[in-house]
Trainee: 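Got a structure for you, written out below as structure tokens; questions coming shortly.
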Amino acid sequence: MYKLIISFILLAFVIACASKESSSSGAPSVAEGEQVFKKYCILCHGADGKLGINGAKDLTVCKLTQEEREAQVKKGKNAMTPFEGILNETQIKSVASYTMTLK
Ligand code: HEC
């Protein structure tokens with residue numbers, strides 16, 4: 001009986017960990033944003049955000065808020081590609097927060 005209780009506790013613990021993991025991988029993060037940035041943004045903005053290809057702005061001096069960056073990544077602007085349809089909502093939030101860290 002004692003062993004049964006222990007295995008129930010273990011099982012509950014494993015389930016709790018597994019569900020926590022799946023929810024956290026769906027949340028935006030700077031780490032995910034860095035991956036997205038390296039794949040989609042360095043073409044114009046450069047690895048450090050300072051490169052200005054085709055009029056791309058230096059992201060290290062960018063004054064836009066998190067929300068404004070998310071909107072610009074989604075909709076694009078002038079020579080910048082709209083990423084709506086290429087990136088999902090979480091990736092857009094993540095990459096916007098990553099650009100906030102570029103100084
Ligand atoms: C095809 C080239 C190109 C790519 C790829 C690109 N951008 Fe841009 N980006 C631009 C250009 C051009 C501007 C300036 C737009 C304007 O204001 O005329 C810009 C501006 C921005 C700005 C606003 C800067 C400011 O201070 O106004 C942000 C933020 C930004 N880009 C983020 C990103 C992110 C994040 C990605 C990757 C998901 C990305 N960009 C991919 C060309 C690009």
Side-chain angles (χ1 to χ4, degrees):
M1 186 62 194
Y2 181 68
K3 270 191 179 162
L4 196 67
I5 291 168
I6 295 286
S7 43
F8 266 126
I9 292 171
L10 272 173
L11 189 69
F13 186 70
V14 168
I15 291 169
C17 289
S19 61
K20 193 173 166 223
E21 188 129 274
S22 65
S23 73
S24 76
S25 67
S29 69
V30 171
E32 181 191 35
E34 187 174 359
Q35 297 307 312
V36 174
F37 192 84
K38 284 185 176 149
K39 205 164 166 191
Y40 297 98
C41 320
I42 57 174
L43 282 169
C44 300
H45 290 286
D48 58 1
K50 291 183 200 241
L51 194 73
I53 301 240
N54 287 325
K57 296 202 173 149
D58 183 343
L59 297 180
T60 64
V61 298
C62 178
K63 296 274 183 291
L64 299 184
T65 63
Q66 168 77 23
E67 290 72 28
E68 290 167 332
R69 290 174 196 221
E70 286 171 20
Q72 184 155 335
V73 171
K74 249 186 226 168
K75 302 289 174 203
K77 191 177 176 191
N78 299 320
M80 179 164 156
T81 339
F83 284 90
E84 202 174 32
I86 299 172
L87 301 174
N88 65 34
E89 200 71 26
T90 312
Q91 289 173 313
I92 291 170
K93 286 194 160 81
S94 296
V95 80
S97 4
Y98 175 70
T99 64
M100 299 290 286
T101 70
L102 295 171
K103 291 257 151 53

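These numbers come from the heavy atoms of this one structure, side chains and all, not from hydrogens, waters or symmetry mates. Only a predicted model underlies this, so the values are computations on that prediction, with no experimental measurement involved. First listed ligand is number 1; within each ligand, the first listed atom is number 1.
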Trainee: Assess whether a salt bridge exists between Lys74 and Glu70, defined as any Lys/Arg side-chain N lying under 4.0 Å from an Asp/Glu carboxylate O.
Mentor: no
Trainee: For atom 34 (C) of ligand 1, find the nearest protein heavy atom and state the residue, atom name and distance (0.1 Å precision).
Mentor: Cys41 SG, 3.4 Å
Trainee: At under 4.0 Å between heavy atoms, is it the side chain or the backbone of Val61 that contacts ligand 1, or both, or neither?
Mentor: neither
Trainee: When you measure from atom 25 (C) of ligand 1 to every protein heavy atom, which one gives the shortest distance, and what is it?
Mentor: Cys62 SG, 3.5 Å
Trainee: Looking only at protein heavy atoms, which one is nearest to atom 11 (C) of ligand 1, and what is the separation?
Mentor: Ala56 CA, 3.2 Å
Trainee: Which ligand 1 atoms, with their elements, are less than 4.0 angstrom from a heavy-atom of Thr81?
Mentor: 1 (C), 5 (C)
Trainee: What protein heavy atom sits nearest atom 18 (O) of ligand 1, and how far away is it?
Mentor: Asn78 ND2, 2.7 Å
Trainee: Among all protein heavy atoms, pick the one closest to atom 28 (C) of ligand 1 and tell me residue, atom and distance.
Mentor: Leu59 CD2, 3.4 Å
Trainee: For ligand 1, is any non-hydrogen atom under 4.0 Å from Val36's backbone (N, CA, C, O), its side chain (CB onward), both, or neither?
Mentor: neither
Trainee: So what does the His45 NE2 - atom 8 (Fe) of ligand 1 - Met80 SD angle come to, to 10°?
Mentor: 170°
Trainee: Under 4.0 Å from any heavy atom of Lys77, which atoms of ligand 1 are there?
Mentor: 15 (C), 16 (C), 17 (O)
Trainee: Give me the residue, atom name and distance of the protein heavy atom closest to atom 1 (C) of ligand 1.
Mentor: Cys44 SG, 2.8 Å
Trainee: Starting from atom 5 (C) of ligand 1, locate the nearest protein heavy atom and write down its residue, its atom name and how far away it is, to 0.1 Å.
Mentor: Tyr40 O, 3.3 Å
Trainee: Among all protein heavy atoms, pick out the one at the shortest distance from atom 21 (C) of ligand 1; state its residue, atom name and that distance to 0.1 Å.
Mentor: Gln72 NE2, 3.2 Å
Trainee: Taking distance alone, with no angle check, do Arg69 and ligand 1 share an N/O pair under 3.5 Å?
Mentor: no
Trainee: Polar contacts were defined as any N/O atom of the residue lying under 3.5 Å from an N/O atom of the ligand; does this apply to Asn54 and ligand 1?
Mentor: no
